[in-house]
Amino acid sequence: MKIIPPLFALITVILLAGCNTTSPHRDVAVLPLPPTNAVLLAPPQFAEATQAARSFLQAVRNKDWTAVARFWPPKAQSHFDDIFTEQTKSLVGGLEIVSLGKPYNEGLHTWVFVPYIVQFKNGGIQTNNLRIEKQTDGHWIWEGGF
């Protein structure tokens, strides 16, 4: 039967998306599925978290490293320049935001996960959940997932 190869392709896509890996083909990328304990955000928090994630990714796209650094956690053990090296900047700068999913949180954690798909200049695609957190002063910080 001819259905078997497409079925294997679909299973591969689902597995790749669930593993937060990259794919060389844009047409097979899917947003990561939220875990079973995920809680979708109320509309105001939903919009705010989506905008924070978009702002972070747009800053990377625009190679505005000053804007990206504003998302750096103030108490991080690593310095921004240790993670966003010139080599890293050249790899991720100029990315295209393909899709943003519905923000959610898990349990009692204060951070929010925003599923995303981005395509890098070299054609590679990354699907993952951007982990961001709103500080008490209203400022959003990046905590992982990129």
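The line from CD1 of I97 to CZ of R54 is 6.5 Å long, rounded to the nearest 0.5 Å. Note that CG of N37 and CD of E106 are 4.5 Å apart. Values are rounded to the nearest 0.5 Å. The CG atom of N129 lies 13.0 Å from the CH2 atom of W111; values are rounded to the nearest 0.5 Å. Atom CG in L95 sits 13.0 Å away from atom CD1 in I117 (nearest 0.5 Å). Atom-to-atom distance recorded for F46:CZ and Q51:CD is 12.0 Å, nearest 0.5 angstrom. With rounding to the nearest 0.5 Å, the separation of OH in Y116 from OG1 in T50 is 15.0 Å.
By the criterion of side-chain heavy atoms lying less than 4.5 angstrom apart, applied directly or through intervening Ile, Leu, Val, Met, Phe, Trp or Tyr residues, F71 is grouped together with V114 in one hydrophobic cluster. Under the 4.5 Å side-chain heavy-atom criterion for ILVMFWY residues, a single connected hydrophobic cluster contains both F80 and L57. Tracing side-chain contacts under 4.5 Å through hydrophobic residues (I, L, V, M, F, W, Y), one reaches L41 starting from I132; they form part of the same cluster. One hydrophobic cluster, built from ILVMFWY side chains closer than 4.5 Å, holds both L40 and F113. Residues V68 and I83 are members of one and the same hydrophobic cluster, defined by side-chain heavy-atom contacts under 4.5 angstrom among Ile, Leu, Val, Met, Phe, Trp and Tyr.
Within the 3.5 Å criterion, the main-chain N or O of E143 finds a donor-acceptor partner in the side chain of R131. D137 contributes a side-chain N or O that, together with a main-chain N or O of H139, makes up a donor-acceptor pair within less than 3.5 Å. Looking at N62, its side chain does come within 3.5 Å of a backbone N or O of Q58 through a donor-acceptor pair. Although no hydrogens or angles enter the test, the distance criterion places no donor-acceptor pair under 3.5 Å between the side chain of N105 and the main chain of V112.
Nearest heavy atom pair, residue A59 against residue A67, reads CB-CB, 3.8 Å. The minimum heavy-atom distance linking P32 with N128 is given by the pair CG-O, 3.5 Å.
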Run the side-chain contact (heavy atoms from CB on, under 4.5 Å) check on L91 and T88 step by step: do they pass?
CA-CA 5 Å; L91 291 172; T88 301; 5.6 Å; no

Criterion salt bridge (Lys or Arg N to Asp or Glu O under 4.0 Å) on E48 and K134, from CA distance to verdict
CA-CA 9 Å; E48 193 175 354; K134 185 177 181 181; 2.8 Å; yes

Go through the steps to decide whether Q135 and W140 satisfy the test side-chain contact (heavy atoms from CB on, under 4.5 Å), and finish with yes or no.
CA-CA 6 Å; Q135 303 295 284; W140 286 85; over 6 Å; no

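Counting non-hydrogen atoms of neighbouring residues, nucleotides and ligands closer than 6.0 angstrom, the NZ atom of K102 reaches no more than 12 such neighbours. Heavy atoms of other residues, nucleotides or ligands lying less than 6.0 angstrom from NZ of K121 number more than 12.
Applying the ring-ring contact (aromatic ring centres under 6.0 Å, His included) criterion to W142, with sequence neighbours excluded, gives F56, W72, F84. For A38, the side-chain contact (heavy atoms from CB on, under 4.5 Å) partners two or more places apart in sequence, or in a different chain, are P34, P35, Y104.
A heavy-atom distance below 4.5 Å is not found between the side chains of T127 and P115.
Between the side chains of S90 and E86, no donor-acceptor pair is found at a separation under 3.5 Å.
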